[in-house]
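Accompanying notes for the structure given below.
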Amino acid sequence: MKLLLLSMQAGALWGFLRNHLEHPGKARIGFVHDAIGRVPEHDTMQAWIYEERQRVVDLVETVDDLFLAEMTPDEVAEALDRIDALYVRGGNTFLLREAMRVSGADKLIVERVKAGLPYIGLSAGSIVAGPSLEPAVPMDDPDEAPNLPSYRGLGLIDSVIVPHADGQLPPYPPEMISSILTTYSDRYQLQPVEDDQAYVVDDRGERLISSAD
């Protein structure tokens with residue numbers, strides 16, 4: 001498998017694409033929006049939303065915007081067949097996982113990633129790659145996903161990514177990160193990832209790398 005699991009900064013993105021795609025500058029990337037859904041143009045989150053997507057747009061030829069919650073399994077399968085890599089953006093981890101479940105995208109994504117489709121996640125997109133979402137409860141609101149029956153993740157890796165582990169972002173202060181690591185470390189294999197780091201999975205194994213912008 002080929003995974004790049006980011007926290008916030010995406011300096012490792014181009015190197016990952018270059019290492020795993022034959023023609024990265026000509027690539028078509030599927031960009032999954034469901035961790036935030038459709039946000040009105042006047043919303044205060046728009047600048048952050050635009051910036052995350054623009055980092056991908058600036059590197060590749062085509063970006064396909066995917067709203068999984070609005071798609072059928074057949075539409076998801078067709079979209080995955082068209083792309084060279086999948087990017088799953090940040091936002092609410094539980095909302096994202098719910099969209100993957102109701103659309104049937106979860107099983108399809110796991111199947112395609114195990115078959116070689118590169119997977120890039122950022123924050124929520126990184127968390128869902130692991131075995132459980134439970135350690136994200138202090139960070140995100142599970143009530144935003146009322147139709148999510150469990151905290152099961154995609155299970156692409158054995159560890160649960162803990163993004164923003166340096167505690168520099170105001171919503172995720174050091175006290176919260178410390179509490180997550182203390183509370184859940186006896187139940188899960190946790191992998192803290194700071195905002196200028198990324199966790200890579202490929203044929204060389206699993207490792208933390210720098211991802212400073």
Side-chain angles (χ1 to χ4, degrees), residues 2-14 16-17 24 27-41 43-71 75-76 79-80 82-103 105-106 108-110 112-113 117-130 133 136 139-142 144-145 148 153-154 156-157 160-165 169 171-172 193-201 211 213:
K2 299 179 282 288
L3 292 86
L4 176 68
L5 304 177
L6 305 162
S7 177
M8 185 176 74
Q9 298 184 43
L13 179 55
W14 175 245
F16 178 80
L17 295 176
R28 177 185 291 269
I29 304 296
F31 193 93
V32 176
H33 287 270
D34 291 85
I36 56 168
R38 292 191 181 273
V39 177
E41 290 185 6
D43 194 282
T44 56
M45 292 174 59
Q46 276 296 333
W48 167 70
I49 291 167
Y50 172 83
E51 181 181 348
E52 185 180 356
R53 182 181 182 277
Q54 192 62 36
R55 288 188 298 195
V56 180
V57 169
D58 289 343
L59 295 178
V60 301
E61 186 170 89
T62 306
V63 172
D64 289 349
D65 292 300
L66 305 178
F67 293 86
L68 300 177
E70 303 172 11
M71 301 170 70
E75 289 171 337
V76 173
L80 294 176
R82 288 194 302 267
I83 62 175
D84 300 301
L86 185 69
Y87 184 107
V88 185
R89 78 175 321 153
N92 185 294
T93 306
F94 304 96
L95 185 63
L96 170 62
R97 184 66 183 89
E98 180 184 73
M100 290 180 168
R101 187 190 75 85
V102 299
S103 63
D106 49 3
L108 292 167
I109 290 172
V110 169
R112 302 306 172 83
V113 173
L117 179 70
Y119 178 103
I120 302 145
L122 183 140
S123 193
S126 296
I127 297 171
V128 297
L133 316 184
M139 306 180 91
D140 297 329
D141 184 4
E144 290 191 26
L148 188 64
L154 299 180
L156 293 170
I157 60 173
V160 178
I161 298 296
V162 180
H164 318 300
L169 286 184
Y172 316 112
V193 180
E194 298 182 0
D195 284 336
D196 60 355
Q197 295 178 322
Y199 195 67
V200 178
V201 179
S211 190
D213 286 339

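These figures come from a predicted structure and were not determined experimentally. Position 1 is the first residue of the sequence; numbering continues from there.
In this structure a side-chain-to-backbone donor-acceptor pair under 3.5 Å is missing from Ser103 to Ala69. Distance alone, capped at 3.5 Å, places no donor-acceptor pair between the Asp34 side chain and the Ala99 backbone. A donor-acceptor contact shorter than 3.5 Å links the side chain of Glu52 to the backbone of Gly90. Judged by distance alone, with hydrogens and angles left aside, the side-chain atoms of Asp84 form no donor-acceptor pair with the main-chain N or O of Ala27 at under 3.5 Å.
For the pair Phe16 and Pro118, the minimum side-chain heavy-atom distance is below 4.5 Å. Using a 4.5 Å heavy-atom threshold, the side chains of Thr93 and Met139 count as separate. The shortest distance between side-chain heavy atoms of Val113 and Leu86 does not fall below 4.5 Å. Between Asp140 and Leu95 there is no side-chain heavy-atom pair separated by less than 4.5 Å. At least one side-chain heavy atom of Asp65 sits less than 4.5 Å from a side-chain heavy atom of Arg53. Between Val193 and Leu5 the shortest side-chain heavy-atom distance does not fall below 4.5 Å. Val88 places a side-chain heavy atom less than 4.5 Å from the side chain of Tyr119. The closest side-chain heavy-atom distance from Pro163 to Ile127 is below 4.5 Å.
Ala198 approaches Leu4 most closely through the heavy-atom pair CB-CD1, 3.7 Å. What you find for Ala124 and Gly91 is that their closest heavy atoms are CB-O, 3.6 Å.
Annotation: side-chain hydrogen bond (donor to acceptor under 3.5 Å, both in side chains) contacts involving residues 4-14, sequence neighbours excluded, comprise Ser7-His164, Ser7-Asp195.
Within the model, atoms CG of Leu66 and OH of Tyr87 stand 13.5 Å from one another, a figure rounded to the nearest 0.5 Å.
Of the options Val160, Leu154, Leu148, a side-chain contact (heavy atoms from CB on, under 4.5 Å) to Leu133 is made by Leu148 and by none of the others. Applying the side-chain contact (heavy atoms from CB on, under 4.5 Å) test between Ile29 and each of Leu13, Leu17, Ile83 identifies Leu17 as the sole match.
In this structure, the side-chain contact (heavy atoms from CB on, under 4.5 Å) partners of Glu194, at least two apart in sequence or on a different chain, are Ala165, Asp166, Asp196, Gln197. Residues passing the side-chain hydrogen bond (donor to acceptor under 3.5 Å, both in side chains) test with Arg55 are Asp213, sequence neighbours excluded.
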Can Arg89 and Val56 be said to form a side chain to side chain contact (heavy atoms under 4.5 Å, CB included), step by step?
CA-CA 11 Å; Arg89 78 175 321 153; Val56 180; over 6 Å; no
Audit row: Glu144, Phe94, side chain to side chain contact (heavy atoms under 4.5 Å, CB included) steps and yes/no:
CA-CA 7 Å; Glu144 290 191 26; Phe94 304 96; over 6 Å; no
